[in-house]
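In what follows, a single structure is set out as structure tokens and then discussed.
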There are 2 protein chains.
Amino acid sequence: MAELIKKYKRLLSQNNYKLTPQRNDILKVLIENKETHFSADRLYKEVQKINPDIGLATIYRNLEIFSELNIVHKLEFESDYKHYELVDMDKEHHHHLICLNCNKILEFSDEDLEKFEKRLEKEYSFLTIDHHIKFYGYCNECHINSQEG
Amino acid sequence: MAELIKKYKRLLSQNNYKLTPQRNDILKVLIENKETHFSADRLYKEVQKINPDIGLATIYRNLEIFSELNIVHKLEFESDYKHYELVDMDKEHHHHLICLNCNKILEFSDEDLEKFEKRLEKEYSFLTIDHHIKFYGYCNECHINSQEG
DNA sequence: AATAATTTAGAAATAATTACTATTAAATAT
DNA sequence: ATATTTAATAGTAATTATTTCTAAATTATT
Ligand SMILES: [Mn+2]
Ligand SMILES: [Mn+2]
Ligand SMILES: [Zn+2]
Ligand SMILES: [Zn+2]
């Protein structure tokens with residue numbers, strides 16, 4: 001945790017940003033909730049617990065910066081707000097399966113998609129920078145429980 | 001065109017919706033611009049050309065209905081508004097390559113992704129209903145033109 | 001300590017979408 | 001055909017996530 005924060009501090013200052021107390025607090029909450037896909041508002045409320053004076057605009061401003069620096073991923077699910085998750089360096093690049101019933105989010109990594117991406121690049125001479133892949137459907141529990149006979 | 005409209009009319013009435021003049025005009029514009037990924041507002045302006053009295057709320061209301069009936073696809077690119085495109089029955093299910101420079105949208109069909117999807121379903125016991133796949137990057141022209149030596 | 005540059009909190013503005021309301025059009029029954 | 005019921009519309013108001021603005025506070029620099 002401490003080392004991780006130092007890493008982020010270095011990354012920030014390399015890009016002429018400072019590690020302010022507010023940024024520190026936001027990062028702390030993100031690190032302690034690696035698995036969570038936060039809305040700006042839920043993150044705001046969580047950070048308020050350790051820093052009651054933080055402003056919502058500060059959350060948005062810094063999520064934007066963190067997103068540029070690839071510290072967080074900005075996710076666009078089919079809701080009317082964005083979600084944010086810490087980029088976990090120990091974990092592979094991953095994508096999401098979103099349950100339409102219970103809203104649970106499963107993750108899968110995409111080694112197979114890499115190949116697909118490579119082929120696409122050739123076929124369309126398209127230089128890929130990023131990709132967003134989402135599957136909507138029903139998770140194990142939800143489609144099992146709906147088979148009530 | 002005429003037959004296509006009849007098809008939509010049938011589909012609408014099967015779901016207790018009527019083919020109103022407004023719906024007819026919206027569909028007409030969508031059919032005449034198959035390739036276009038409309039914002040609600042651009043569609044509004046286009047429909048106004050043949051029906052100056054149409055209201056923007058009517059556009060939104062019906063895009064929602066058309067989306068339910070799978071007449072249009074609602075697309076969420078990384079912009080702050082949604083895009084809509086007519087579902088072309090003659091074309092395979094497709095996905096998008098979005099150029100970050102010129103905003104051009106290329107399309108690709110996904111027969112290979114089908115296999116991937118099948119495997120995912122098994123691996124996660126996840127029942128897929130829909131999937132959204134987007135690649136962001138630079139199109140042929142844009143990355144060629146940036147190689148100025 | 002003085003100066004300059006960043007960053008913040010909080011309020012105000014923005015803008016896409018949705019909800020509301022009174023009116024009109026269409027379908028059905030009489 | 002006329003009355004009655006229902007669905008759909010235009011136009012406006014409300015909603016809400018996100019952005020922008022501004023004055024004050026913090027941080028870095030001299
Ligand atoms: Mn995730
Ligand atoms: Mn398309
Ligand atoms: Zn579920
Ligand atoms: Zn391009």
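Remember, predicted model here, so these are calculated numbers, not experimental data. Lettering follows sequence order; numbering is per chain, from 1.
- Atom-to-atom, CD of B/E76 to P of C/dA16 comes out at 15 Å; the value is rounded to the nearest Å.
- The distance between atom CD1 of A/I65 and atom P of D/dT20, rounded to the nearest whole Å, is 13 Å.
- Taking the six-membered ring wherever Trp is involved, the centroid distance between the rings of B/F66 and B/Y8 does not fall below 6.0 Å.
- In this structure, A/L43 atom CG and D/dT18 atom P are separated by 12 Å, rounded to whole Å.
- Rounded to a whole Å, the OH atom of B/Y44 is 9 Å from the P atom of D/dA10.
- If you measure from atom NZ of B/K82 to atom C1' of C/dT18, you get 10 Å, rounded to the nearest angstrom.
- For B/R42 and C/dT17, the CZ to C1' distance is 19 Å, given to the nearest whole Å.
- In this structure, CD of B/E78 is placed 15 Å from C1' of D/dT18, rounded to the nearest angstrom.
- Between the NZ atom of B/K74 and the P atom of C/dT17 there is a distance of 9 Å, given to the nearest Å.
- Counted by atom type alone, B/Q22 and B/T58 present zero donor-acceptor pairs between their side chains at under 3.5 Å.
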Salt bridge (charged side-chain N to carboxylate O under 4.0 Å, His left out) assessment of A/R119 paired with A/E123:
CA-CA 6 Å; A/R119 208 161 53 64; A/E123 201 167 324; 3.2 Å; yes

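- If you check D/dT30 for Watson-Crick or wobble pairing at under 3.5 angstrom, you find it paired to C/dA1.
- Under a 3.5 Å cut-off, the side chain of A/S39 and the backbone N or O of A/R42 do form a donor-acceptor pair.
- Near DNA chain D, defined here as any heavy-atom distance below 4.0 Å, the residues from residues 5-33 of chain A are A/K18, A/P21, listed numerically.
- With hydrogens and angles left out, the side-chain atoms of B/E85 and B/H94 include a donor and acceptor closer than 3.5 Å.
- Inspection of the B/Y60 and B/E64 side chains reveals no N or O donor paired with an N or O acceptor under 3.5 Å.
- Near DNA chain C, meaning a heavy atom under 4.0 Å from it, residues 51-63 of chain B has B/A57, B/Y60 in order of number.
- Looking only at atom types and distance, the side chain of B/H73 has no donor-acceptor partner in the side chain of B/H83 under 3.5 Å away.
- In this structure a side-chain-to-backbone donor-acceptor pair under 3.5 Å is missing from B/R23 to B/N62.
- A/H96 has its ring centre less than 6.0 Å from the ring centre of A/F77.
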